[in-house]
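Reading through the C-alpha cells given below for one structure.
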Amino acid sequence: MLGIGDVDVVINGLNKGGYLSTSDGGLDENPSLVNSQLSSTFVSLDTDANSTSALSLDFLKVPVQIEAANQGLLVCVNQNNRYLVCKPTTKQWVKIPNPKTKYFTASTSLLVLKSNPLKYKIIRFSQAKESVKRNSEFWHHVRCEIFDSTTWAWKRLKDVILPCKTFFANKEDSVVAANGGLHWLLSDNQVFAFYEDAENREMFSLPPSAVDNGGHKSKPLLAEYQGRLAVIRSGEEFMDMWVMEDYGRKLWSATRTWNIKKLCGEEIYLSPLAFHNGDAALFMAAFDSHVL
C-alpha cells in the first residue's frame, strides 16, 4: 500500500526541458519526460537538504513518462501505455486501471486528499481529433475523467466544450492547486478551474496587465502564492506577479516585482517555469536552468 511523505524536488530531464516540483502545497510543474533516451535527476529546492540524493525512478525497471505529481506521489505511464502511481522516496508503486487512452491526453493532474490512509484522485483531460460545427463555428469536446483511489475506478464527467482555437496551452505547463481548485491556463489566456469536491468547473480571465505585453518577454505562468492563485511574467530585467485577492469576485492585484537583471544578463531566452513557496522561481534559459 502506498503511503505519503513530504518531498520538495525538481526532476530535470537531461535531454528535454521538463521540470517537476512537488511540495506540501501542491503541484508546481507537470513534466513530460521520458522515453528510453531520457534520464532524470532529483534536485532539492532546499540547498541544505540531501534527502533527494538517492531518489531515482530506476526502481520501476522500465522507462516511464511522468504525467502528474502531488505531495511526493507521481502518476506515470510506461512504454506500453499502462498507468501507475509511485512514490520515489519509498520505491513503492502500483498499477491502476487505464482511462480511455485512445484519446490524446491534453492534461493530467493528481490531487492527494488524505495521507493516512492515502486517498487521491487523478483528473485527466483528453481530446478527440474531430471538431463539431455549431452555428457556423467549430468547437471541440474535451473529455474529463476522474480516477478515485477509494473506488479504484475511472468516472467520466460531462465534456468541456471549447472553441476550436482554444486548448490547454501546453501539456507541460503547470497545473496549480489554489483557492480550493485546480487551475490550467488555456491558449486564449483564460484560466480553466476545476473543483474536485463538487466536480464542476468554470473559466475566467487573467488580469489585463498580465496579458498585455508591457515589456514582458515570457508567456504568463500560473502559480500558487500563499494558498492563492497567482500569475507571473518576466521581462528583460524584472519579473512581475499578480495575485487573486478575491477569488469569489475574481479580482486580481499586482503584488510583487523582482529584479532579475543580473540573471538575465547571464542568459538568453530566459523564462519562468515554476514558482515555489513564494520565494523561489525556476527559470529556463536556452540551454540551462536556474533556481532563483
Side-chain angles (χ1 to χ4, degrees), residues 25-30 68 106-109 111 123-127 131-132 134-144 157-235 238-258 271-276 278 281-282 284:
L27 177 65
D28 291 322
E29 185 68 15
N30 179 16
S107 185
T108 305
S109 181
L111 187 62
I123 299 92
R124 177 178 180 263
F125 294 97
S126 58
Q127 186 172 318
S131 298
V132 178
R134 294 180 180 176
N135 298 325
S136 73
E137 294 185 11
F138 284 94
W139 303 76
H140 61 90
H141 287 242
V142 180
R143 294 169 54 95
C144 179
L157 302 184
K158 186 178 179 180
D159 288 357
V160 179
I161 302 176
L162 299 174
C164 192
K165 295 182 180 180
T166 300
F167 48 88
F168 287 87
N170 193 324
K171 187 179 175 183
E172 285 77 35
D173 277 353
S174 298
V175 181
V176 176
N179 298 99
L182 296 171
H183 303 83
W184 289 258
L185 185 63
L186 300 179
S187 59
D188 60 357
N189 288 320
Q190 292 281 308
V191 177
F192 177 87
F194 178 84
Y195 307 103
E196 169 275 329
D197 53 352
E199 296 185 347
N200 61 6
R201 74 290 297 266
E202 65 173 332
M203 289 190 291
F204 52 87
S205 300
L206 292 177
S209 55
V211 176
D212 297 338
N213 194 28
H216 298 104
K217 302 297 183 181
S218 70
K219 66 180 181 179
L221 175 74
L222 294 183
E224 177 269 332
Y225 179 72
Q226 298 181 350
R228 294 174 292 173
L229 184 65
V231 58
I232 58 177
R233 288 192 75 180
S234 65
F238 60 91
M239 183 174 72
D240 290 330
M241 179 174 68
W242 297 259
V243 174
M244 182 76 78
E245 296 291 352
D246 188 325
Y247 194 85
R249 294 191 293 166
K250 302 298 183 290
L251 297 179
W252 298 86
S253 68
T255 303
R256 297 187 65 178
T257 296
W258 293 269
S271 61
L273 284 180
F275 197 66
H276 180 74
L282 181 66
M284 171 60 72

Hits for side-chain contact (heavy atoms from CB on, under 4.5 Å) against Ser205, two or more places apart or cross-chain, chain-then-number order -> Gln190
Distance col, row Met241:CE vs Ser253:OG, nearest 0.5 angstrom, shows 9.0 Å
What one should report as the nearest heavy-atom pair of Pro220 and Ala210 is CG-O, 3.9 Å
CG of Leu229 to CD of Glu224, rounded to nearest 0.5 Å, is 9.0 Å
**Asked** So do Tyr225 and Ile232 actually touch side chain to side chain, heavy atoms under 4.5 Å?
**Response** no
For Asp197, the side-chain hydrogen bond (donor to acceptor under 3.5 Å, both in side chains) test, sequence neighbours excluded, returns none
Hits for side-chain hydrogen bond (donor to acceptor under 3.5 Å, both in side chains) against Asp188, two or more places apart or cross-chain, chain-then-number order -> Thr166
Centroid separation under 6.0 Å, is that true for the rings of Phe192 and Phe125? yes
*Mind checking whether Ser187 and Phe168 have side chains closer than 4.5 Å, heavy atoms only?*
no
| Mind checking whether Phe194 and Ser109 have side chains closer than 4.5 Å, heavy atoms only? | no
Would a 4.5 Å heavy-atom cut-off, applied to side chains only, mark Val191 and Leu186 as touching?
-> no
One should read off an interatomic distance between Met244 CE and Asn179 CG, to the nearest 0.5 angstrom, of 7.0 Å
Closest non-hydrogen atoms of Leu206 and Val211, given as atom of the first, atom of the second and distance, are CB-CG2, 3.8 Å
Report task. Could you tell me whether the side chain of Leu182 reaches within less than 4.5 Å of the side chain of Ile123, counting heavy atoms only? Result -> yes
The reported gap from CG in Asp159 to NE2 in His140 (rounded to nearest 0.5 angstrom) is 11.5 Å
Sorted by chain and residue number, the side-chain hydrogen bond (donor to acceptor under 3.5 Å, both in side chains) partners of Arg201 (sequence neighbours excluded) come out as none
Taken in chain and number order and not counting sequence neighbours, the residues that satisfy side-chain hydrogen bond (donor to acceptor under 3.5 Å, both in side chains) with Glu202 are Tyr195, Lys250
In this structure, CD of Glu245 is separated from CG of Leu251 (nearest 0.5 Å) by 9.0 Å
dist His183:NE2 -> Phe204:CZ (nearest 0.5 Å) comes out at 4.5 Å
Closest non-hydrogen contact found for Trp252 with Val231 is CZ3-CG1, 4.0 Å
(Q) I'd like to check Gln127 versus Arg143 (side-chain heavy atoms, cut-off strictly below 4.5 Å). Are they in contact? (A) no
How about Leu222 and Trp184: do any of their side-chain heavy atoms sit closer than 4.5 Å?
no
Pair Ser209, Trp242: side-chain N/O donor-acceptor within cut-off below 3.5 Å:
yes
